[in-house]
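All values below come from the heavy atoms of this structure, side chains included, with hydrogens, waters and symmetry mates left out.
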Amino acid sequence: MSEFAAKRCVPCEGGVPPLTTTERAGLIPHLDGDWKVVDGHHLERAWSFPDFASALGFTNAAGAICVAENHHADFELGWGRVKATIWTHKIDGLTESDFVLAAKLDRI
């Protein structure tokens with residue numbers, strides 16, 4: 001998993017198709033088992049924390065990774081929980097970079 005997480009996110013200019021079911025199946029093993037591919041469209045994972053401050057700290061660390069990679073997840077933050085949703089907006093679907101970003105978030 002760590003070798004995959006060491007990859008860089010590649011900016012998508014659009015004009016490429018989203019990953020196929022077979023392509024997604026080849027990438028999902030690089031992620032923590034809590035990630036789910038939802039409707040073949042996006043990745044989603046939730047984390048639990050003992051309090052709001054811990055959840056916020058995780059969200060800030062995850063946000064810093066998104067900024068460094070120039071690839072941005074959507075985050076839902078609440079007391080003791082964070083949910084991330086990742087997809088490539090330019091193509092309204094999944095690319096390899098989405099899986100790379102998810103693998104990087106697994107390392108936090």
Quiz prompt | Residues that H72 engages under ring pair (Phe, Tyr, Trp, His ring centres under 6.0 Å), provided they are two or more places apart | solution = none

Quiz item: To the nearest 0.5 Å, how far apart are CD in E76 and OG1 in T59?
Solution: 10.5 Å

Quiz item: Does E96 reach the side chain of E23, with side-chain heavy atoms less than 4.5 Å apart?
Solution: no

Quiz prompt | Partner of I86 under side-chain contact (heavy atoms from CB on, under 4.5 Å), chosen from L94, L105, D74 | solution = L105

Self-check item: Rounded distance [0.5 Å steps], NZ in K104 versus CZ in F99
Solution: 15.5 Å

Self-check item: Worked check of side chain to side chain contact (heavy atoms under 4.5 Å, CB included) between R45 and D106
Solution: CA-CA 10 Å; R45 180 178 176 192; D106 284 342; 2.7 Å; yes

Quiz item: Would you say K83's side chain and A46's backbone share a donor-acceptor pair under 3.5 angstrom?
Solution: no

Quiz item: Which pair of non-hydrogen atoms, one from I91 and one from C12, has the smallest distance, and what is that distance?
Solution: CG2-SG, 3.7 Å

Exercise. Kindly give the heavy-atom pair with the smallest separation between W79 and P50, and that separation in Å.
Key: CH2-O, 3.1 Å

Can you list, pair by pair, the side-chain donor-acceptor contacts under 3.5 Å of residues 62-71, counting residues two or more places apart and other chains?
from: E69; atom 1: OE1; to: C9; atom 2: N; distance (Å): 2.8
from: E69; atom 1: OE2; to: R8; atom 2: NH1; distance (Å): 3.1
from: H71; atom 1: NE2; to: D98; atom 2: OD1; distance (Å): 2.6

Quiz item: Going through the checks in order, is the side chain to side chain contact (heavy atoms under 4.5 Å, CB included) test met by E3 and H30?
Solution: CA-CA 9 Å; E3 193 174 301; H30 294 288; over 6 Å; no

Quiz prompt | Single-linkage hydrophobic cluster, 4.5 Å side-chain cutoff, F58 and L77 together | solution = yes

Quiz item: Which ILVMFWY residues can you reach from V38 by hopping between side chains whose heavy atoms are under 4.5 Å apart?
Solution: none

Quiz prompt | Cluster overlap W87 with F75, hydrophobic side-chain contacts below 4.5 Å | solution = yes

Quiz item: D92: what forms a side-chain hydrogen bond (donor to acceptor under 3.5 Å, both in side chains) with it, not counting sequence neighbours?
Solution: H41

Quiz prompt | Exercise: identify the closest heavy-atom pair between F4 and A103 | solution = CD2-CB, 3.8 Å

Exercise. Determine whether V10 and V16 fall in the same hydrophobic cluster, where Ile, Leu, Val, Met, Phe, Trp and Tyr are linked whenever their side-chain heavy atoms lie under 4.5 Å apart.
Key: no

Self-check item: Contacts of type side-chain hydrogen bond (donor to acceptor under 3.5 Å, both in side chains), residue S48, not counting sequence neighbours
Solution: none

Quiz item: Hey, does L43 have a side-chain heavy atom less than 4.5 Å from the side chain of V37?
Solution: yes

Quiz prompt | All ring pair (Phe, Tyr, Trp, His ring centres under 6.0 Å) counterparts of W35, not counting sequence neighbours | solution = W47

